[in-house]
Structures are given as C-alpha cells and as structure tokens.
J.: 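Have a look at this one before I ask anything.
In this text, all values refer to a predicted model and were calculated from it rather than measured experimentally.
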Amino acid sequence: MNLQVQPQQETAREKLLKDMKRTKGVRFNASIRIEETERKRTASTAYASAAVVVLTLLPVFFPMAQWMENAIALTNVGFSIFILASSLLQSANAGPVKADQLHRCARRQSR
C-alpha cells in the first residue's frame, strides 16, 4: 500500500512544479506586456504634446486664414483632451508598479 502512495505523491509534486513554472512564465509575460503598453501610452502622450506645441506655433510663424486658425485651435483642444485623459489613465493604472511586482514575484518563484 505504501508503494501506491509514493507514485501519487510524485505525480502531485511534478504537477505542482509544472504549475509553478507555468505561473512564473505567465507573470514574466504579463510584466513585459504591461511595460510595452505603458511605453506605447507614454509615447502617444508625448507625441500629442509635441503636436500641441507645433500647432500652437503655426499661426505665429505662418500667416493663414481665420478658418485655418480656428481648425488648428479645435485640433489643439482635441489633443489637449487626449493628453489629459491619457495622463489620468496612466496614473490611475499604475502599470509600471504592477509590472515590477509581477516581475519580482516571478523571480522569487524561480529560486
């Protein structure tokens, strides 16, 4: 009877180790995915900020019709709203913190 318990224990141990390795890999992948998402959000916010600066300076350096200035102003408002929303979502999401926690947790599992 003792011989039958031993293979079951080994099977359970192997299954646990396999699950732990899989979980570690999932956490590493999640960390990478979150970091990539945050990089993309940051880049989008930076590009929108640069666009606002450029669009604001266009009427100063290039004479243009009033309707064009109005269109630029409207575009600036749109980009500004995007920047505001993106910044709020980035700070509320705390992506870098989550990514770091997942990465640390996965590293602890591999010890």
J.: With rounding to the nearest 0.5 angstrom, report the CD to CG distance, E69 to N76.
T.: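 With rounding to 0.5 Å, CD (E69) is 11.5 Å from CG (N76).
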J.: Report the residues that fulfil side chain to side chain donor-acceptor pair (under 3.5 Å) with E36, sequence neighbours left out, ordered by chain and then residue number.
T.: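 Residues passing side chain to side chain donor-acceptor pair (under 3.5 Å) with E36: R39.
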J.: First locate atom OG1 of T37, then atom CD1 of I32, and finally report the distance between them rounded to the nearest 0.5 Å.
T.: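 Output value for this atom pair is 12.0 Å.
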J.: Determine, using the 4.5 Å side-chain heavy-atom cutoff (strictly less than), whether V60 and W67 are members of one ILVMFWY cluster.
T.: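 Yes, one cluster joins them.
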J.: State, yes or no, whether a side-chain contact exists between L55 and L58 at a heavy-atom distance under 4.5 Å.
T.: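 Contact flag for L55/L58 side chains = yes.
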J.: Minimum heavy-atom separation for R41 and L89, please, with both atom names.
T.: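 Of all heavy-atom pairs spanning R41 and L89, the closest is NH1-O, 4.4 Å.
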J.: Applying the 4.5 Å side-chain criterion to the ILVMFWY set and letting contacts propagate, would Y47 and F82 be lumped into a single cluster?
T.: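 Hydrophobic grouping puts Y47 apart from F82.
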J.: Measuring from I34:CD1 to N29:CG, what's the distance to the nearest 0.5 Å?
T.: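 Reported to 0.5 Å precision, the distance equals 11.0 Å.
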J.: Starting at CZ of F79, measure out to CG of L84 and round the result to the nearest 0.5 Å.
T.: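 It comes to 15.0 Å.
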J.: Can you list every pair that meets side chain to side chain donor-acceptor pair (under 3.5 Å) and has a residue in residues 80-89, with sequence neighbours left out?
T.: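 Sorted pair list: T45-S86.
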J.: Flag yes if L57 and F62 sit in one hydrophobic cluster, no otherwise; membership is Ile, Leu, Val, Met, Phe, Trp, Tyr, and two members link when side-chain heavy atoms are under 4.5 Å apart.
T.: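 Yes, it is one cluster - the side chains of L57 and F62 are joined through contacts under 4.5 Å.
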J.: So do V77 and I81 actually touch side chain to side chain, heavy atoms under 4.5 Å?
T.: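 In short, these two side chains touch, coming nearer than 4.5 Å.
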J.: Minimum heavy-atom separation for I72 to M64, with atom names?
T.: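 Closest approach of I72 to M64, heavy atoms only: CD1-SD, 3.5 Å.
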